[in-house]
Every structure is written in C-alpha cells, then in structure tokens.
Amino acid sequence: MTTHPTPASLLDLEVVGPSGVVAAEAALANLLGTTHDVLLVQAEAIVALEATAKGLGRPGVRALNVVTGPYGALFGRWLAATGAAVTTLEVPFHRAVTAADVAAVLASDRFDLVALVHAEAATGSANPLDEIAPLVVANGALLVVDAVASIGGHPVTPDEWGADVVVIGAQKALAGPAGVSALSISPRAWAAMAGNPGAPRESILSLLDLRDGWLRSDRAALLGTPSSLETTALNQALARVEQEGLGSVISRHRAAAAASRAGLRQLGLTPWIADDHAAATVVTTFAGTGSIADLVTAARAAGARFVTAAPGVLASTTGRINHTGRAADLDTVLDELRALGDTLGRPTDPVTEAARRTWAATI
Ligand SMILES: *Cc1c(COP(=O)(O)O)cnc(C)c1O
C-alpha cells in the first residue's frame, strides 16, 4: 500500500472560498451521477444523517426504518424523536436485508419514508439497493440511503434508484477526509422538508438554511467559515478518485473483499457474512473458534495494520479486515492474511495463493 509523506505543513493553507465548495459539490454530483442538488456539509457524515432525519421526520410521518447495523438503529431513534411513527425492520447483523423482507413490510402498510444503510462498515454486509429501490419507488415513499460506507466500494446511483436523499462521506472507500460530508437531495425531499414546521432552522442540522442561504443564492458567499483543511483534502481525494476512475476504485474494493474471504477460508476462519450478502464492501468480518480479541491483538503484534475487532457488541465474536480506501490493495490484503496466518500457526503459502488467485479473478 502506498503511504504518503507527511506534508511540510497543514498550516497557512489558502482559505477555501465559495468556488472551492462549488467545485467540491460539482465533483460529488459527478461522482453520484445525479441531477439532484448536492450539498456539502461542513461536518462528518453522522451530522448530515441526523440533519436528514430531523428535516424529514415529524408527527404524522410514517417511516419504515431498516436496521442492518448500528447506524440504521440510530437513524430510527432520530426519526422517532421527531414524533414520526417508525416501523423497524431489523434483520440479524450477520446478513443483509432482502428485497423480499422489504416487500413484505411495504405490502402491509403505507409509508411516507423508507430509510436504510447501503453497505455496513461495522458488519461487512451490503443491502441490495438495486432491488429494494424500485419497491420503495412503487410504494411512493421517500427513499433515504446512508451510502457513507458504500460510495467507492459499490455503485451508488441516486437517480437510477430514484433515491430522495443519499448521504455520503469521503473517509471510507474514497480515502478522503472525515470532517466534511455531502448529500444529494431530490425536489420531493426538499418539498417535504420545507413543509415540515419542525425542520431545523438556524441550526447546524438545518439543510433548509443551506438550501436557501447557499444553494439557492448566487453562491458568492459561504454561510459560515468553511473547513479549509477538510474541503481542500476532499477536493484532492475526489481528484485522485477521478484520476484512477471510480470503476477501478470499486473493483479494488470488490477484489480486496473477495481475496480476503478466500484467504480467511484457507486459514480456517469463517467469513461472517454469507457470500451473496457481502458482495463488495469496505470490510470483511470473520469469526473463529477462539477469542477474537486475543487473535486480533496477536495479529497486530505480528504486523497486521488493518485487522481489528468489530465494533460494539460484535467485538467479542467477530474480527475484521478493514481493506478500505487505499488499503483496498492486494499487497495490503496479503500482509494482513500473512499476519493472521503466522498468529494461527498456519502455513501462509496456500493462503496467499488463494487470495492472489481470487484477486486476479475478481479485479
Ligand atoms: C462511517 C459511517 C457513518 C458515519 O460516519 P462518521 O464519520 O462517523 O460521521 C455513517 N453510516 C455508515 C454506514 C458508516 O459506515
């Protein structure tokens, strides 16, 4: 994996003005292939997600919130806090939700809004948005997608999905900064927010303030002081992705996931998510027979840099290889597998051989 030299200084950078933000929003719209508004948020993605929930949620809104990991659960709590009536569709975290799961709930009730996470960085599952989106569109509900962990690892296509809000960040597969994020917002979603008397105003969570004070202005002045460091880094990350090609970035992640899974199997570790629910994603989770915490600690002592325990309640049972961003790279995956193999006392040649073969067949 390429490492980057420490820059001489991060101080005294040129201040990012309106044109720098316009450039970032245009590059993000291009990345998403969307004609909807794309809005840069001067905060990490979790803020953009909360702003979406608080902007769209209100008493009388009937929301279907799909929970396949911790972020979806949090989104449901934000919606509920607005007084929205939230129906939760939760599946065990070792699998994705299926289109059939969603269809069954949609058939049973009428919804104004359906929210779900595309790919889960915590568990390594990926929900089949291409199959689920048409169901939501046919139902007439607003579709809200958290694509923070999928952008750059999977095709994220708001317009093809008919998605009303898609939240993204650059800190996962795009290998960019974590301190700014973005959303695409459809005219329908704007109308729903504008018609919501409880939607935040004069608040860090106010998307409507950003619409009126920035997007619908002549964009000659920013609403507040931009985070120059983060916005500059975002523009650099997007330029790097554009140079490599988004398709290539996605292929690297898909190949890293497949190679990791092949190597883990060869090591006697079980990929935690079934093949057809994992697809390409930014992490590969695995379960073993012994203590995962001990295995992770030992693997890191043996040189692993991207092997960690899964977060939260999964930590004791599930480890992961975070082959995300620049780490979605064959040499990095091989290094991680070798460290795990050394730790487990397994011969590593068959492991790296399986991973190499799978990488070559997938990329
Ligand atoms: C990482 C992530 C987020 C939030 O990112 P922050 O950097 O913590 O704001 C949201 N949703 C998903 C699915 C993620 O993986």
Side-chain angles (χ1 to χ4, degrees), residues 1-2 4 20-41 44-45 48 117-121 124-133 143 145-163 165-186 230-260 278-284 322-333 359-363:
M1 183 184 128
T2 26
H4 295 279
V21 175
V22 168
E25 289 176 341
L28 289 162
N30 186 43
L31 191 75
L32 292 167
T34 185
T35 58
H36 293 162
D37 282 330
V38 171
L39 185 61
L40 187 69
V41 173
E44 63 173 303
V117 168
H118 187 195
E120 293 282 358
S125 69
N127 293 319
L129 242 303
D130 293 346
E131 296 168 33
I132 292 169
L143 174 59
V145 180
D146 171 353
V148 179
S150 57
I151 184 77
H154 293 253
V156 172
T157 54
D159 291 14
E160 281 168 35
W161 292 335
V165 179
V166 176
V167 178
I168 59 171
Q171 74 271 38
K172 307 265 166 79
L174 298 178
V180 287
S181 56
L183 340 74
S184 70
I185 308 184
S186 73
E230 297 282 329
T231 308
T232 301
L234 174 66
N235 278 329
Q236 289 184 1
L238 294 173
R240 186 167 66 179
V241 166
E242 203 170 298
Q243 194 179 11
E244 178 180 351
L246 180 61
S248 162
V249 176
I250 292 173
S251 291
R252 273 197 291 109
H253 284 85
R254 191 185 300 130
S260 295
T281 188
V282 298
V283 298
T284 299
N322 302 333
H323 45 75
T324 307
R326 304 301 288 172
D329 161 85
L330 177 59
D331 288 340
T332 304
V333 169
W359 176 282
T362 313
I363 192 82

Could you list the donor-acceptor pairs under 3.5 angstrom formed between side-chain atoms of residues 24-31 and any protein atom two or more places apart in sequence or on another chain?
| unit_1 | atom_1 | unit_2 | atom_2 | d |
| --- | --- | --- | --- | --- |
| E25 | OE1 | W214 | NE1 | 3.0 |
| E25 | OE1 | R219 | NH1 | 3.0 |
| E25 | OE2 | L40 | N | 2.8 |
| E25 | OE2 | W214 | NE1 | 3.1 |

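One distance of note links CZ of R252 with CZ of R326; it measures 5.5 Å at 0.5 Å rounding. Here NE2 of H253 is found 8.0 Å from CG of L174. Values are rounded to the nearest 0.5 Å. The line from OG of S248 to CD1 of I363 is 6.5 Å long, rounded to the nearest 0.5 Å. Rounding to the nearest 0.5 Å places NE2 of H36 at 5.0 Å from OG of S186.
The number of heavy atoms from other shown groups lying within 6.0 Å of CD (E160) does not exceed 12.
Not one N or O on the side chain of N322 forms a donor-acceptor pair closer than 3.5 Å with the backbone of T324. A donor-acceptor pair is defined here as one N or O able to donate and one able to accept, closer than 3.5 Å; no such pair exists between the side chain of H118 and the backbone of A126.
In terms of heavy atoms, A147 sits closest to V166 at CB-CG1, 3.8 Å. L183 and A48 get closest at one heavy-atom pair: CD2-O, 3.9 Å. Scanning both residues, P155 and I250, for their nearest heavy atoms gives N-CD1, 3.8 Å. Contact record, A170 with L234: CB-CD1, 3.6 Å, taken as the closest heavy-atom pair. The two atoms that bring W359 and A256 nearest to each other are CZ3-N, 3.5 Å, heavy atoms only. In this structure, K172 and V148 approach most closely via the heavy-atom pair CG-O, 3.7 Å.
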- Show the numbers, then the answer: is there a side-chain hydrogen bond (donor to acceptor under 3.5 Å, both in side chains) between T284 and H323? CA-CA 8 Å; T284 299; H323 45 75; 2.6 Å; yes
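Paired with L32 under the rule side chain to side chain contact (heavy atoms under 4.5 Å, CB included), one option of T157, L246, V156, D159 passes, and it is V156.
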